[in-house]
There are 2 protein chains.
Amino acid sequence: MEPFAVTRYYEELTVGDVFETGGYTVTKDEIVEFAEQFDPQPFHVDEEAAAESMFGELVASGLHTLCLSVRLFVTDVVQGEDGVANMGGLGMDDLRWHEPVRPGDTLRVRVEVLEKNPSESRSDRGYVTFGRSVVVDETTVLSITSSNVIRRRDTGR
Amino acid sequence: MEPFAVTRYYEELTVGDVFETGGYTVTKDEIVEFAEQFDPQPFHVDEEAAAESMFGELVASGLHTLCLSVRLFVTDVVQGEDGVANMGGLGMDDLRWHEPVRPGDTLRVRVEVLEKNPSESRSDRGYVTFGRSVVVDETTVLSITSSNVIRRRDTGR
């Protein structure tokens with residue numbers, strides 16, 4: 001029993017479907033706090049060191065950008081108005097950080113259904129590949145694909 | 001000027017080099033706190049819902065496992081006794097979650113240098129691909145490759 005309304009099972013996802021999330025604005029304090037916990041490199045936690053780095057200023061850990069994009073995908077797509085029956089993740093591919101994310105940037109995620117395949121061994125599920133682009137203003141800062149296990153409607157709870 | 005001693009520049013990394021990190025034991029509270037922030041799906045934040053999920057119990061977000069593996073890579077390899085002159089990340093490929101991570105599991109990361117190529121346009125850097133496996137006891141729970149920009153010694157600070 002999900003706390004949100006699942007209306008999109010495997011059958012309702014179609015290659016080419018596009019979803020857009022709302023925006024999330026990241027602060028300097030959040031960038032430093034995240035990096036201290038998971039990616040404590042000088043250019044993510046120390047403004048002076050960051051000024052001397054190849055970024056020239058404090059930038060978010062790329063891992064932080066990825067985490068924020070997953071949050072937006074989960075809250076606005078998987079658990080959005082038309083929730084997706086996501087059973088879990090299999091993996092991610094082709095992660096590229098195109099541009100750094102800076103304090104005050106507002107991230108949005110564009111999600112596209114790239115591929116779907118029914119499970120050959122389990123009739124209750126299929127596999128869906130999503131392409132995700134994280135955009136700040138008009139610039140793509142991160143792109144990635146993810147493969148998820150999606151419940152089928154005919155066996156869904 | 002880094003707060004740790006960098007002794008491994010691009011030239012000192014050799015294909016086949018292997019590094020092993022120490023261990024990090026993840027708690028249930030950390031799993032729930034991380035998931036509430038970045039991946040608030042029922043099987044990561046709610047024990048009852050998790051019991052009904054395909055995992056059968058509360059499991060860490062795979063994104064959390066990835067974040068903890070980056071932390072171990074940064075603290076124990078990049079900023080370890082022989083620090084690596086990492087300038088930043090380019091991307092990651094082939095992320096696979098092989099097994100779920102549960103409260104109390106101790107993660108260790110095995111890192112191998114898979115490939116290195118000098119930059120053709122910038123003489124101060126090269127590109128290194130690392131393969132990383134996250135292991136709990138003898139079981140690989142996550143595997144991924146990452147591509148990083150590494151400073152060359154002859155132009156290093």
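Below, chain A is the first sequence line, B the second, and so on; all start at residue 1.
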Practice task
Could you tell me which portion of T145(B) (side chain, backbone, both or neither) has an atom closer than 4.5 angstrom to a non-hydrogen atom of chain A?
Solution key: neither

Problem - Side chain / backbone / both / neither for V59(B) at chain A, heavy atoms under 4.5 Å - result: neither

Group every Ile, Leu, Val, Met, Phe, Trp and Tyr by side-chain heavy-atom contacts under 4.5 Å, then state whether [X] and [Y] land in the same group.
X: V74(A); Y: V109(A); result: yes
X: V141(A); Y: Y24(A); result: yes
X: F43(B); Y: V45(B); result: no
X: M87(B); Y: F55(A); result: yes
X: L107(B); Y: V78(B); result: yes

Can you measure from [atom1] ([X]) to [atom2] ([Y]) and round to the nearest 0.5 angstrom?
X: L63(B); Y: S69(A); atom1: CG; atom2: OG; value: 8.0 Å
X: C67(B); Y: D39(A); atom1: SG; atom2: CG; value: 9.0 Å
X: M54(B); Y: R151(A); atom1: CE; atom2: CZ; value: 9.0 Å

Fill in the blank from the handout: So, the part of L68(A) with a heavy atom under 4.5 Å from chain B: the answer is both

Problem - Segment of S61(A) engaging chain B (4.5 angstrom heavy-atom cut-off) - result: neither

Handout entry: Q41(B) side chain near Q79(A) side chain, heavy-atom distance below 4.5 Å
Key = yes

Handout entry: Heavy-atom pair count under 4.5 Å with chain B, highest-scoring of H64(A), Q37(A), E48(A)
Key = Q37(A)

Practice task
Return the option, out of I144(B), L142(B), T75(B), V70(B), with the maximum number of heavy-atom pairs under 4.5 Å with chain A.
Solution key: V70(B)

Handout entry: Ring center gap for F73(A) and F38(B) short of 6.0 angstrom
Key = no

Handout entry: For chain A, which residues of residues 90-98 of chain B have heavy atoms nearer than 4.5 angstrom
Key = L90(B), G91(B), M92(B), D93(B), D94(B), L95(B), R96(B), W97(B)

